[in-house]
*Asks:* 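For reference, the structure I am asking about is given below.
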2 protein chains.
Amino acid sequence: MTIPAFDKNDLNQFDEPANLLKALSHPIRLCIVRGLMRKKKCNVSYMQECLDIPQSTISQHLQKLRGAGVVTTERKGLEVNYILADPRVEAIVNALFGEEECEA
Amino acid sequence: MTIPAFDKNDLNQFDEPANLLKALSHPIRLCIVRGLMRKKKCNVSYMQECLDIPQSTISQHLQKLRGAGVVTTERKGLEVNYILADPRVEAIVNALFGEEECEA
DNA sequence: TCTTTATATCGTATTATTCGAATATAACGA
DNA sequence: TCGTTATATTCGAATAATACGATATAAAGA
């Protein structure tokens, strides 16, 4: 009995990766993530200003990214900085947009 | 004026990639796609048998993958074979699961 | 033409996402 | 403590995704 290419017995092994992709599968969130690849670290106001969308909307997207483990946060006074936290995400974004020089 | 890391002016450049990720962001569809990386070509009945879910459910997932350009089809008599059609998808799946020897 | 097999589509109930205003919290300075 | 700034959470309405039975189509063979 060989291992089939598809197997319902390990369908649940796809749950976590599918969740990660779902977290990335929104234009605003994808934009945020690629921005974080360029900028390494960024607070909410800056993103909000660049993207020009309501604060609660940005914040909700960030919470979704955080819930999926895509980003972590570092508070610095009033500001909260967001930072990429999962190396798979960078590989995925590179697959989509191509590699890019990063800020020195 | 420098180019910001985030920019609402090209937010729409994220629509297509986000759509691609959305198509992949379901456990069943991800399983199908990884199966197609191993098996290269596969008909619906085989997938259905492996995954043990209703035929209409599989078919709908396949249509969603096809709509996003993830797969194409080749009819052979009664059967329809599905084949991966977007190289970005393989890079993404490799980022998630690691590379793997493919069937010779 | 009739049947069978393989796949696709439709109808629809259920659940999940999304957005943005309103409100809450957390940290800082006066 | 009070006010201000930065961020998070809550709420509700609109929209989209999902599952699956029922039904339709497409190809092949008798």
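All chains are named by letter (A, B, ...) in the order of the sequence lines, taking the proteins before the strands, and each is independently numbered beginning at 1. Fair warning: this is a prediction, and the values are worked out from it, not measured in the lab. The figures that follow rest on heavy atoms only: side chains count, while hydrogens, waters and symmetry mates do not.
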*Asks:* Rounded to whole angstrom units, what separation is found between the CE atom of B:Met47 and the C1' atom of C:dA6?
*Replies:*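 Rounding to the nearest Å, CE of B:Met47 and C1' of C:dA6 are 13 Å apart.
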
*Asks:* Quick one: label A:Gln55 by what it contacts on the DNA or RNA (base, sugar-phosphate, nothing), any heavy atom closer than 4.0 Å.
*Replies:*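 Answer is base: heavy atoms of A:Gln55 come under 4.0 Å of a base.
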
*Asks:* Is the shortest distance from a Lys or Arg side-chain nitrogen in B:Arg34 or B:Glu90 to a carboxylate oxygen in the other one below 4.0 Å?
*Replies:*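 Salt bridge: no.
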
*Asks:* To the nearest Å, how far apart are B:Glu79 CD and C:dA8 C1'?
*Replies:* 15 Å

*Asks:* A:His26 NE2 to C:dA16 P: how many Å, rounded?
*Replies:*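 Answer to the nearest Å: 18 Å.
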
*Asks:* Between B:Arg75 (CZ) and C:dT7 (P), how many Å, whole number?
*Replies:*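 In whole Å, C:dT7 P and B:Arg75 CZ are 8 Å from each other.
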
*Asks:* Taking all non-hydrogen atoms of both residues, which atom of B:Met37 and which atom of B:Asn94 are closest, and how far apart?
*Replies:*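 Closest approach of B:Met37 to B:Asn94: CE-OD1, 3.5 Å.
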
*Asks:* Does C:dC28 have its OP1 or OP2 closer than 4.0 Å to a side-chain nitrogen or oxygen of A:Lys76?
*Replies:* no

*Asks:* Look at the aromatic rings of B:His26 and B:His61 and report parallel, tilted or perpendicular, splitting at 30° and 60°.
*Replies:*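 Answer is tilted, since the angle falls between 30° and 60°.
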
*Asks:* Considering only NZ, NE, NH1 and NH2 on the basic side and carboxylate oxygens on the acidic side, decide whether A:Glu16 and A:Arg88 come within less than 4.0 Å.
*Replies:*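 Salt bridge between A:Glu16 and A:Arg88, a charged N being under 4.0 Å from a carboxylate O: yes.
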
*Asks:* I need the CD1-P distance between B:Ile53 and C:dT7, as an integer number of Å.
*Replies:*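 Spelled out: CD1 on B:Ile53 to P on C:dT7 is 14 Å.
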
*Asks:* Roughly, in whole Å, what's the span from CD in B:Gln48 to P in C:dA6?
*Replies:* 10 Å

*Asks:* Can A:Lys39 be said to sit on top of A:Tyr46's aromatic six-ring, NZ or CZ under 6.0 Å from centre and within 45° of the ring axis?
*Replies:* yes

*Asks:* What is the distance, to the nearest angstrom, from the NE2 atom on A:His61 to the C1' atom on C:dT17?
*Replies:* 10 Å

*Asks:* Please identify the 5'-most and 3'-most nucleotides of DNA chain D with any atom under 4.0 angstrom from a heavy atom of chain B.
*Replies:* D:dA17 to D:dA28

*Asks:* How do A:Lys22 and A:Leu62 order along DNA chain D: which one's closest nucleotide is nearer the 5' end?
*Replies:*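 The answer here is A:Leu62.
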
*Asks:* Report yes if the side chains of A:Ile83 and A:Lys40 come closer than 4.5 Å at any heavy-atom pair, otherwise no.
*Replies:*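 No; the side chains remain at least 4.5 Å from each other.
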
